[in-house]
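Notes follow the structure.
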Amino acid sequence: MTNVFIVDDQAMVRESFAGLLNAQPGLAVVGQAGDGIEALAGISALPTPPDVVLMDIRMPVMDGLETTRRLLEGDGEKPKVIVLTTFHLDDYVYEALRAGASGFLLKDAPSAELINAIGVVAAGDALLSPAVTKRLIANFVASAPVPRPSPARFDVLTEREREVLRLIAKGRSNPEIAADLVLSAQTVKTYVGRILAKLGLRDRAQAIVLAYETGLVSP
């Protein structure tokens, strides 16, 4: 069972999402909140963190960006966060990805897309296709450069792992990376897992952000 927590300042939106998701086999809505403060309190009160949080990005009291930061900071088990937005290239989306969100979804996306997104993120993948994520991040890194962490962070990676990371950041899927490097899909999956573990990253979205911010790849 995949447990979902819904955060949105519009009650009708929350109820609509909750009705849809509770009707799906294998999905259960375990809580709702109308702003970030209420969300943090509600999630912390649960026996275990939800698997996925649907997070509205623009809310009063505390917006989705700050809520995502607080929700994902520190150690311990954390939920996966899907940011909900009305714009493809909302400034907050990039910051939410940097804060640890696993991707974003348009609030008016079809129901099937929302259900699929929850399944993808719950399984440990970034929500977006690598190419779409790459274009989003490249756009913001190019227009608003951020302070770059030390490239020494990559010293823990082997040369092959750096090569795989570069291809991830360039928008290649696992099968495409396998074809590029003449490796099996399972071997690429293993490399991706090692890269995320060594760099302390949550998923591919964070890996792409880091690769751009450190200059490992350029927009």
Side-chain angles (χ1 to χ4, degrees), residues 2-22 27 29-46 49-74 78-122 126-129 132-147 202-206 208-209 212-213:
T2 298
N3 293 327
V4 182
F5 196 100
I6 302 169
V7 187
D8 194 289
D9 64 336
Q10 298 182 50
M12 289 184 65
V13 172
R14 296 197 305 272
E15 293 300 331
S16 176
F17 283 164
L20 169 68
L21 299 180
N22 280 326
L27 293 181
V29 175
V30 295
Q32 302 179 34
D35 61 63
I37 296 294
E38 186 180 341
L40 294 175
I43 291 171
S44 66
L46 295 173
D51 299 295
V52 176
V53 175
L54 297 180
M55 183 76 71
D56 186 15
I57 204 69
R58 298 181 182 276
M59 297 182 293
V61 185
M62 180 185 291
D63 65 20
L65 175 57
E66 181 61 23
T67 307
T68 297
R69 286 193 184 118
R70 296 195 187 189
L71 184 61
L72 300 181
E73 66 185 3
K78 306 294 181 185
K80 301 295 179 65
V81 175
I82 298 174
V83 168
L84 301 174
T85 180
T86 53
F87 304 101
H88 277 287
L89 295 178
D90 189 315
D91 287 356
Y92 281 111
V93 170
Y94 174 64
E95 292 300 328
L97 291 175
R98 292 186 69 217
S102 294
F104 77 94
L105 189 69
L106 293 178
K107 293 180 76 170
D108 60 357
S111 300
E113 191 172 332
L114 173 63
I115 294 166
N116 179 68
I118 291 171
V120 167
V121 168
L127 171 58
L128 305 175
S129 69
V132 172
T133 305
K134 184 204 70 167
R135 288 199 299 272
L136 170 72
I137 293 170
N139 179 293
F140 286 110
V141 171
S143 61
V146 295
R202 197 170 297 271
D203 53 33
R204 295 175 83 105
Q206 282 198 307
I208 295 172
V209 169
Y212 276 103
E213 289 186 349

D63 vs I57 side-chain heavy atoms within contact, under 4.5 Å: no
Basic-acidic side-chain contact under 4.0 Å: R69, E73: no
Nearest-0.5 Å distance, CG of residue L21 to OG of residue S16: 9.0 Å
Exercise: identify the closest heavy-atom pair between T67 and G36: OG1-CA, 3.0 Å
Heavy-atom closest pair, residues R14 and D8: NH1-O, 2.6 Å
N-O pairing of K107 and D56 below 4.0 Å: yes
V4: which of I118, V53, D51 passes side chain to side chain contact (heavy atoms under 4.5 Å, CB included): I118
Atom of I43, atom of P50 and distance for their closest heavy-atom approach: CG2-CD, 3.7 Å
Residue pair V81 / L54, side-chain heavy-atom distance below 4.5 Å: no
Straight-line distance of D108 CG to L114 CG, nearest 0.5 Å: 11.5 Å
Trace of the side chain to side chain contact (heavy atoms under 4.5 Å, CB included) decision for Q32 with E38: CA-CA 9 Å; Q32 302 179 34; E38 186 180 341; over 6 Å; no
Heavy-atom pair with the smallest gap, counting every atom of F5 and G42: CE1-C, 4.0 Å
Interatomic spacing from CE in M59 to CG in L65 - rounded to 0.5 Å: 10.0 Å
Closest approach of A18 to V29 (non-hydrogen atoms, all atoms of both residues): CA-CG2, 3.8 Å
CG-CG distance between D35 and L40, expressed to the nearest 0.5 angstrom: 9.0 Å
Over all atoms of both residues, closest heavy-atom pair of K78 and L71: CD-O, 3.5 Å
Distance (rounded to the nearest 0.5 Å) between S102 OG and Q206 CD: 7.5 Å
Euclidean distance, L72 CG relative to M55 CE, rounded to 0.5 Å: 7.5 Å
